[in-house]
Undergrad: 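Before anything else, here's the structure in question.
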Amino acid sequence: MNYKELADLIFPDAKEISYYEEKYPRRNLKEGAEVLRVAPSPTGNVHIGTIYQALIATKLTKQTGGVFFLRIEDTDQKREIEGGITQIINALKEFDLEPDEGMINELESKGEYGPYRQSLRKDIYQAYAKYMIEQGKAYPCFATPEELEEIRAKQEAAKVRTGYYGVWAKYRNLSLEEMAEKIKAGVPYIIRFKSNGREDRKIKHKDIIKGNVDFPENDQDVVIIKSDGLPTYHFAHVVDDHLMGTTIVTRGDEWLSSVPLHLQLFQEIGFKAPRYAHTPTLLKNDNGNKRKISKRKDPEAAASYYKEQGIPSLAVKEYLMNIANSSFENWRRQNKEVSIDDFDFQLNKMSVSGALFDMVKLNDVSKIVISRYTAQEVYDESMKWAQKYDNELVEMLSNKEYSLKVLGIERGNVKPRKDIAKWSDVKENIIYMYDEKFMNEKIDYPYQTINEKEEINKILDLYIKKYYNENDDKQIWFDKIKELSGELGYAKEVKEFKANPEMYKAHVGDVSTVLRVALTGRTNTPDMYEIMQVLGKDSVIKRLKKAKNC
RNA sequence: GGCCCCUUGGUCAAGCGGUUAAGACAUCGCCCUUUCACGGCGGAGACAUGGGUUCGAUUCCCGUAGGGGUCACCA
């Protein structure tokens, strides 16, 4: 019995690896072009970290003329959920991060290096596992879960490292005949890597983000093919990223500690290893402690959360880009109108430590992003959001022509309004502009300085009868409010009032506030002149009268 | 516990042996001839800690503390 015969016994039908090496030739890309991928598992809610990785990958591949592909890592069938792949694809689409290659639905893919779904690549992994066995670099292991548990218990008692390595690897040194015999007898087994590493030797790794990191060599005989015939992550990573021509592996830094294993695997199987970039984890503040954003506990971990909240995906992307390269912020301020694609992203400028995901800052980014939208865009996006989450808003917006005017207030000028951070803010921001809402509601008018009913009515009356004219331009309109103020004993200028407070009842600002509150039911609104223009004469009069009669 | 990573204001962060230690968000004050949202100006606020190395350390080295990750037939 030799290695070849053992390999044939275990994988009788597996092809030679030369078949796959020819089928998936090295990519022919121009110098400097990078190939990156995002490789999520279809386990449910898409994690915001996946979006983060995809953002980085698209930036880098677009900048270098490379390829960005999506690979589905579904080798753990227990954790898989139905429709998981579709969710991932849709999430990437939502954020406008569509891959050049990869799965396009649950079963099909585009690109020459597929399948891009690991469970569909079983024969490929087995061919390479067979090759490893032929080389004497992998072997069948017959340890049962109980045996493994026993080994662990002994190791813990002896206070040594746990794991399947060295003298603890009890099936590693079985003779080939013994192995064959057990297999023929039907004893269950899995395939393990036969590590030649030594824990007392160091390997050096240069990570694009983390820099130089030294580790002890890997000496664990890790499982490469599980009992269901599918590979573990480690083996799939090595085979796939080799075959698919990945040049830079970006992944969360929870993977950093398996770099020694992966490098060793690449070397032993005879592939050139990719470069690695381990990205810092997105953290959140949990009662004063930082911790990883968790899919289970934190709603904001789900990529879908932002859509539900009505935060534009572009805002999320800009925020993430901010975390990735802090110079983005400065660049953005100087390049307000151009696409995020034009920003020159640098992997090696990423921070090495994890960043707290800051919703407040996201909010700010989002306000700026939305402030650049036209009224039409705000309308379309709000409507799209409302149709899913807020019927009342749909109802309001269905008066399109009017809504466009409302949303257009103080928009599109040099200093656009920045009061909407998410589409769910829209309703509250504009609801008072709709007569069918405003006129039928009981309004608590929050008058400020001037708050006696009689005085208020005097102002409103005089304004309606003598001063209000819907055709006035802004200057005249305001001059009239000043005159009205003067007529009733209020200072026409605030400064004037401050200089001689005893001479006046109050000032023009206070009078304006009365009008504002009467008109809108609130003290804080956008520019009152524009509001009155949008409302139109009938509505203005109606509203002032309603306030009077309250 | 072993191994590995990290540590600049409340948060994100520039910095890469000599700086008045940038900037953004948040916060506070003032201004922007009516509020708000903007915008402008300004304030408060930081190099975890102890040793080295050096003429000089936020920056380099070592220790300590704190935080994080990882040690599966999960990824």
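Values below: every heavy atom of this structure, side chains too, minus hydrogens, waters and symmetry copies.
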Undergrad: Can you tell me how far P of B:G66 sits from CG of A:Leu283, to the nearest Å?
TA: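 Interatomic distance, CG of A:Leu283 to P of B:G66: 19 Å.
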Undergrad: Tell me the salt bridge (Lys or Arg N to Asp or Glu O under 4.0 Å) pairs involving residues 220-236 of chain A, sequence neighbours left out?
TA: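 Passing the test, one end in residues 220-236 of chain A: A:Arg172-A:Asp221.
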Undergrad: Between the side chains of A:Glu493 and A:Lys482, is the shortest nitrogen-to-carboxylate-oxygen separation below 4.0 Å, so that they form an ion pair?
TA: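 Salt bridge between A:Lys482 and A:Glu493, a charged N being under 4.0 Å from a carboxylate O: yes.
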Undergrad: Do A:Lys182 and A:Leu174 have side chains that get closer than 4.5 Å, going by heavy atoms?
TA: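 Of all side-chain heavy-atom pairs linking A:Leu174 with A:Lys182, at least one is under 4.5 Å.
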Undergrad: List for me each residue that meets salt bridge (charged side-chain N to carboxylate O under 4.0 Å, His left out) alongside A:Lys137, sequence neighbours excluded, and say none if there are none.
TA: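 With neighbours one apart ignored, the set is A:Glu268.
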Undergrad: Please report the distance, rounded to the nearest Å, between CG in A:Asn363 and P in B:U27.
TA: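 Distance check: A:Asn363 CG to B:U27 P gives 11 Å.
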Undergrad: Once you apply a heavy-atom cut-off of 4.0 Å, does A:Ser371 come out as touching a base, just sugar-phosphate, or nothing?
TA: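 Here A:Ser371 touches no strand at all.
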Undergrad: Mind checking what makes side-chain contact (heavy atoms from CB on, under 4.5 Å) contact with A:Ser353, not counting sequence neighbours?
TA: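 Expected list: A:Ser351.
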Undergrad: Under 3.5 Å, which N/O atoms of the protein pair with N/O atoms of nucleotides 73-75 of chain B?
TA:
residue	atom	partner	partner atom	Å
B:C73	O2	A:Ser227	N	2.8
B:C73	O2	A:Ser227	OG	2.8
B:C74	OP2	A:Lys226	NZ	3.2
B:C74	O2'	A:Asp76	OD2	2.8
B:A75	OP1	A:Thr75	OG1	2.7
B:A75	OP1	A:Lys226	NZ	2.9
B:A75	OP2	A:Tyr233	N	3.2
B:A75	O3'	A:Ser41	OG	3.4
B:A75	O3'	A:Glu73	OE1	2.8
B:A75	O2'	A:Ser41	OG	2.8

Undergrad: Base contacts versus sugar-phosphate-only contacts with protein, heavy atoms under 4.0 Å: please encode nucleotides 33-42 of chain B as B, S and - from 5' to 3'.
TA: BBBBBBS---
Undergrad: Between N or O atoms, less than 3.5 Å apart, protein on one side and nucleotides 3-11 of chain B on the other: list the pairs.
TA:
residue	atom	partner	partner atom	Å
B:C4	OP1	A:Lys202	NZ	3.0

Undergrad: Under 4.0 Å between a side-chain N or O of A:Arg152 and OP1 or OP2 of B:C71?
TA: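 No, because none of the side-chain N or O atoms of A:Arg152 sits under 4.0 Å from OP1 or OP2 of B:C71.
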Undergrad: In whole angstrom, give the distance that lies between atom CD of A:Gln155 and atom C1' of B:A72.
TA: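 Between C1' of B:A72 and CD of A:Gln155: 13 Å.
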Undergrad: By the 4.0 Å heavy-atom rule, please label A:Arg411 as base, sugar-phosphate, or nothing.
TA: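 No contact at all - A:Arg411 keeps every heavy atom at 4.0 Å or more from the nucleic acid.
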Undergrad: Starting at the 5' end of RNA chain B and moving along, which residue's nearest nucleotide shows up first, A:Ser351 or A:Arg161?
TA: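 With A:Ser351 and A:Arg161 compared, the 5'-side residue is A:Arg161.
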Undergrad: Is a donor on one side and an acceptor on the other found under 3.5 Å between the side chain of A:Ser366 and the backbone of A:Leu362?
TA: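 No, the answer is negative, given that no donor and acceptor are paired below the 3.5 Å cut-off.
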Undergrad: Are the charged groups of A:Arg121 and A:Asp74 less than 4.0 angstrom apart, N to O?
TA: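 No, no charged N to carboxylate O under 4.0 Å.
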Undergrad: Touch check for A:Arg333, heavy atoms < 4.0 angstrom, all strands: base, sugar-phosphate only, or nothing?
TA: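 Sugar-phosphate only.
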Undergrad: Once salt bridge (Lys or Arg N to Asp or Glu O under 4.0 Å) is applied, what residue pairs with a partner in residues 328-337 of chain A remain, sequence neighbours excluded?
TA: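 For residues 328-337 of chain A: A:Glu318-A:Arg332, A:Glu329-A:Lys361.
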Undergrad: Quick one: stems involving RNA chain B, counted as three or more successive Watson-Crick or G-U pairs, both distances short of 3.5 Å.
TA: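 Stems (3+ consecutive pairs) listed as B:1-7 with B:65-71, B:10-12 with B:23-25, B:27-31 with B:39-43, B:48-52 with B:60-64.
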Undergrad: How far, in whole Å, is B:U27 from B:A37 if one measures between their P atoms?
TA: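 Pairwise P distance, B:A37 against B:U27, rounds to 10 Å.
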Undergrad: Which residue pairs pass the salt bridge (Lys or Arg N to Asp or Glu O under 4.0 Å) test with at least one member in residues 516-534 of chain A, sequence neighbours excluded?
TA: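 Every salt bridge (Lys or Arg N to Asp or Glu O under 4.0 Å) pair that includes a residue of residues 516-534 of chain A, provided the two are not neighbours, is A:Glu428-A:Arg522, A:Lys474-A:Asp527.
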Undergrad: Can you check the distance between B:G51 and B:G45, where both ends of the measurement are the C1' atom (answer in whole Å)?
TA: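 The answer is 29 Å between these two C1' atoms.
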Undergrad: Whole angstrom is fine here: how far is it from CG in A:Leu282 over to P in B:A13?
TA: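 It is 10 Å, rounded to the nearest whole Å.
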Undergrad: Measure from CZ on A:Arg332 to C1' on B:C25 and round the result to the nearest Å.
TA: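 Going from A:Arg332 (CZ) to B:C25 (C1'), I get 17 Å.
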Undergrad: Sticking with atom P, work out how far B:U19 lies from B:U59, rounded to a whole angstrom.
TA: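 It comes out at 13 Å once rounded to the nearest Å.
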Undergrad: List the residues meeting salt bridge (charged side-chain N to carboxylate O under 4.0 Å, His left out) with A:Lys170, not counting sequence neighbours, and say none if there are none.
TA: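 Only A:Glu147 meet the salt bridge (charged side-chain N to carboxylate O under 4.0 Å, His left out) criterion with A:Lys170.
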Undergrad: Check the side chains of A:Thr281 and A:Glu254 for a donor-acceptor pair under 3.5 angstrom, ignoring hydrogens and angles.
TA: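 Looking only at side-chain atoms, A:Thr281 and A:Glu254 do not form any donor-acceptor pair under 3.5 Å.
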Undergrad: Using the P atom on both, measure B:C6 against B:C61 and round to a whole Å.
TA: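 To the nearest whole Å, 11 Å.
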Undergrad: Which residue pairs pass the side chain to side chain donor-acceptor pair (under 3.5 Å) test when at least one of the two sits in residues 407-416 of chain A, sequence neighbours left out?
TA: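 Output for this query lists A:Glu410-A:Arg417.
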Undergrad: When you measure from the side chain of A:Gln448 to the backbone of A:Pro446, do you find a donor-acceptor pair of N or O atoms at a distance under 3.5 Å?
TA: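 Indeed, once roles are kept as given, a pair shorter than 3.5 Å links the two residues.
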Undergrad: Could I get the full list of side-chain hydrogen bond (donor to acceptor under 3.5 Å, both in side chains) partners for A:Glu487, not counting sequence neighbours?
TA: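 Expected list: A:Lys466, A:Tyr467.
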Undergrad: Mind calculating the distance between OH (A:Tyr319) and P (B:A26) to the nearest angstrom?
TA: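 Going from OH in A:Tyr319 over to P in B:A26 covers 13 Å.
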